[in-house]
Participant: 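There's a structure below that I have some questions on.
In what follows, chains are A, B, ... by sequence order, proteins preceding strands, each numbered from 1. These numbers were taken from a predicted model, which means no experiment stands behind them.
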2 protein chains.
Amino acid sequence: MSLKYAVLAALLEGEASGYELSKVFDVSLANFWPSTPQQLYRELERLAEDGLIQARVVQQERRPNKRMFTLTEAGRADLRAFSATPPRRPTAIRDELLIKIQAGDGVDPATVRELVEERMSWARGKLGRYQRVRERLLAGRTEEEYLREADRVGPYLTLLAGIGFEEENLRWCERVLSVVAQRAALP
Amino acid sequence: MSLKYAVLAALLEGEASGYELSKVFDVSLANFWPSTPQQLYRELERLAEDGLIQARVVQQERRPNKRMFTLTEAGRADLRAFSATPPRRPTAIRDELLIKIQAGDGVDPATVRELVEERMSWARGKLGRYQRVRERLLAGRTEEEYLREADRVGPYLTLLAGIGFEEENLRWCERVLSVVAQRAALP
DNA sequence: CACACCTATTCAAGAAGTTGACTGACAGAG
DNA sequence: CTCTGTCAGTCAACTTCTTGAATAGGTGTG
């Protein structure tokens, strides 16, 4: 149900093709609303049917044709209405690693350490990508300037959420490593 | 696919009925693997069929009968194997509020503030419940003592993840409030 | 004493999400 | 010159998840 609004929100950035959206979702919205290309294409189909977005076929020379989608006024209105109402469902996190850690007392400490370190390097990668997105948004301005001048701050705020989440993730991983190390050193 | 292991991990705490599990999932595992009672009952069915858990019917006087489930040795082994392999899929977060914030520049600031404050009070509630679980686990001991003495630290570590997550959530909310307030004060 | 909520689970239907393969042309690396 | 990768999608089959309701006695609230 909310994928719909995630797509509409992504289109606030301007016209995009399904393919472009699937890229955007990968790097930016993936943080809080993961979805596969297939889901996107289906959703775009539906949204176009409902008149919330408009499709326009772009003929291309040496590439497959593509359909570019734009928000309609109806789409904007729907999105605004959605954004002004409280979420019906609580935040859902699904993290396999946490299951593994929950049951990890039965596993040898070296293996646990590897799992956690893998997570850490992944989180660092993600943080790096977030930082690059941040630079691009700021475009040389300080954060203060940006927050005063920018038309929209929504994308920046959600980016901060992503950054904060990964940083917290890293702190937690450190904690796990230290606990595991200490226990491994005992009897 | 991983609900399976979430259930097995929950049964490490000891025998439980489907109903009890659905409660446990609500307060503790809900943090990283949400699921509805229906999913649990189906999963328990399957696990019992596969011999990873054992069912035992308990006749009750003034209550409906219940089936209590225990891990079998096969279940324990399967869970151990799972816990020792790297997660195949990355952490997935689904947070409607973030969509609303992403598109929130079109909404009036007072409404945004309300949404964020609602989230904050919800997060505080969750933190409170986590703290109570923490007290129960520590059972009067200091954290250090607990980490040395306890048979299992997995549940404690995932609890810390939940606490850290909600705290980070609150920090982010504060940030959003301050940005929104500052922008509302401008032209 | 009425009404709502708790225990304990099951059923059915539908929506949402996942997986994997297919098309077909071009661009760049080795 | 082959091979991999990118662009821009579509299709089908499948699994998982969500929603809502049914059952039915018991316990607590106002």
Side-chain angles (χ1 to χ4, degrees), chain A residues 1-8 10-11 15-27 29-30 32-50 53 55-69 87-94 96 99, chain B residues 1-7 10-11 15-27 29-30 32-50 53 55-69 87-96 99:
Chain A
M1 208 54 340
S2 297
L3 173 58
K4 169 178 168 182
Y5 295 103
V7 170
L8 294 179
L11 287 175
E15 201 182 38
S17 69
Y19 191 78
E20 283 162 4
L21 279 179
S22 79
K23 297 296 154 193
V24 171
F25 263 71
D26 241 32
V27 295
L29 280 74
F32 57 89
W33 212 271
S35 49
T36 60
Q38 287 73 2
Q39 279 177 270
L40 288 178
Y41 284 117
R42 246 185 304 143
E43 200 60 47
L44 286 168
E45 213 64 57
R46 238 176 303 179
L47 290 171
E49 257 179 51
D50 296 351
I53 61 177
R56 167 175 84 88
V57 175
V58 176
Q59 304 289 341
Q60 291 187 120
E61 292 272 295
R62 24 197 90 241
R63 297 252 153 244
N65 292 343
K66 59 181 172 181
R67 281 186 306 161
M68 299 291 286
F69 298 93
R88 345 164 209 23
R89 56 180 86 262
T91 312
I93 306 186
R94 289 215 148 87
E96 271 189 30
I99 302 181
Chain B
M1 208 60 331
S2 298
L3 174 57
K4 169 178 168 183
Y5 295 102
V7 170
L11 286 175
E15 199 182 40
S17 69
Y19 190 77
E20 282 161 7
L21 279 179
S22 79
K23 297 298 156 197
V24 172
F25 264 70
D26 239 33
V27 295
L29 281 74
F32 56 90
W33 211 271
S35 48
T36 61
Q38 286 75 2
Q39 279 177 270
L40 290 177
Y41 283 115
R42 245 182 307 140
E43 200 60 49
L44 286 168
E45 213 64 55
R46 241 176 300 179
L47 290 171
E49 256 179 51
D50 296 351
I53 61 178
R56 165 176 85 86
V57 174
V58 176
Q59 304 288 340
Q60 292 189 117
E61 292 271 295
R62 23 196 91 239
R63 300 249 151 245
N65 293 344
K66 59 182 173 181
R67 281 185 306 161
M68 298 291 286
F69 298 93
R88 342 160 213 24
R89 56 179 86 264
T91 313
I93 306 186
R94 289 215 148 88
D95 189 342
E96 271 190 29
I99 302 182

Participant: For B:Arg46, enumerate each residue passing the side-chain contact (heavy atoms from CB on, under 4.5 Å) test, keeping only those at least two apart in sequence or located in another chain.
Facilitator: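 Once residues adjacent in sequence are excluded, the partners of B:Arg46 under the side-chain contact (heavy atoms from CB on, under 4.5 Å) criterion are B:Arg42, B:Glu43.
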Participant: Expressed as a whole number of angstroms, how long is the span from B:Gln39:CD to C:dA8:P?
Facilitator: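 In whole Å, C:dA8 P and B:Gln39 CD are 21 Å from each other.
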Participant: Can you measure B:Arg94 atom CZ to D:dT18 atom C1' for me and round it to whole angstrom units?
Facilitator: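 Between C1' of D:dT18 and CZ of B:Arg94: 13 Å.
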Participant: At their closest point, which heavy atom of A:Ser22 faces which heavy atom of A:Leu40, and how far apart are they?
Facilitator: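 Taking every non-hydrogen atom into account, CA-CD1, 3.3 Å.
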Participant: Return no unless some side-chain N or O of A:Arg88 is found under 4.0 Å from OP1 or OP2 of D:dT18.
Facilitator: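 For D:dT18, neither OP1 nor OP2 has a side-chain N or O of A:Arg88 closer than 4.0 Å.
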Participant: Apply side-chain contact (heavy atoms from CB on, under 4.5 Å) to the pair A:Leu8 and B:Ile99, showing each step before the final yes or no.
Facilitator: CA-CA 10 Å; A:Leu8 294 179; B:Ile99 302 182; over 6 Å; no
Participant: How is B:Gln38 classified with respect to the nucleic acid when contacts are heavy atoms under 4.0 Å: base, sugar-phosphate, or nothing?
Facilitator: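 Base, at least one base atom sits under 4.0 Å.
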Participant: Would you work out how much the helix from C:dC1-D:dG30 to C:dG30-D:dC1 bends between its ends, with each end axis defined by five base pairs, to 10 degrees?
Facilitator: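 The angle, to the nearest 10 degrees, is 50°.
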Participant: Starting at CG of A:Leu21 and ending at P of D:dA8, how long is that distance when rounded to a whole Å?
Facilitator: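 Rounding to the nearest Å, CG of A:Leu21 and P of D:dA8 are 12 Å apart.
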Participant: Hey, which sits more toward the 5' end of DNA chain D by its nearest nucleotide, A:Arg42 or A:Pro37?
Facilitator: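 Looking at DNA chain D, the more 5' nearest nucleotide goes with A:Pro37.
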Participant: What's the OH-P distance between B:Tyr19 and D:dT23, to the nearest Å?
Facilitator: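 It is 19 Å, rounded to the nearest whole Å.
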Participant: Is B:Arg94 close to A:Arg89 at the side-chain level, that is, under 4.5 Å between some pair of heavy atoms?
Facilitator: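 Not touching, per the 4.5 Å side-chain cut-off.
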Participant: Looking at every heavy atom in both B:Pro87 and A:Glu96, which two are closest together, and how far apart are they?
Facilitator: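 Heavy-atom minimum between the residues: CA-OE1, 3.3 Å.
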Participant: Which whole-number value in Å describes the distance from B:Ile93 CD1 to C:dG17 C1'?
Facilitator: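 From B:Ile93 CD1 to C:dG17 C1': 18 Å.
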Participant: Can you tell me the distance, in whole Å, between the NZ atom of B:Lys66 and the C1' atom of C:dA8?
Facilitator: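 Roughly 9 Å, once rounded to whole Å.
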Participant: Sequence neighbours left out, what passes side chain to side chain donor-acceptor pair (under 3.5 Å) with A:Gln38? Give chain and number order.
Facilitator: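 Partners of A:Gln38 by the side chain to side chain donor-acceptor pair (under 3.5 Å) criterion come out as none, since no residue qualifies.
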Participant: Roughly how many Å is it from CD in B:Glu45 to P in C:dA8, rounded to a whole number?
Facilitator: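 To the nearest whole Å, that distance equals 17 Å.
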Participant: Below 4.0 angstrom from OP1 or OP2 of C:dA15, is there any side-chain N or O of A:Arg46?
Facilitator: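 For A:Arg46, the contact criterion (side-chain N or O under 4.0 Å from OP1 or OP2 of C:dA15) is not met.
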Participant: Sub-3.5 Å donor-acceptor pair from the side chain of B:Tyr41 to the main-chain atoms of B:Thr36, do we have one?
Facilitator: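 No, because the side chain of B:Tyr41 does not come within donor-acceptor range (under 3.5 Å) of the backbone of B:Thr36.
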Participant: Select from B:Arg67 and A:Ser35 the residue whose nearest nucleotide in DNA chain C is closer to the 5' end of that strand.
Facilitator: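 By nearest-heavy-atom nucleotide position, the 5'-most residue is B:Arg67.
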Participant: Base, sugar-phosphate alone, or nothing: which one does B:Ser17 contact when heavy atoms must sit under 4.0 Å apart?
Facilitator: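 Sugar-phosphate, backbone atoms only, no base.
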Participant: Rounded to whole Å, how long is the line connecting atom CG of B:Leu44 with atom C1' of C:dT9?
Facilitator: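 Result: 11 Å.
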Participant: Hey, does the side chain of B:Tyr41 come within less than 4.0 Å of C:dT9's phosphate (OP1/OP2), counting only N and O?
Facilitator: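 Checking B:Tyr41 against C:dT9: at least one side-chain N or O falls below 4.0 Å of OP1 or OP2.
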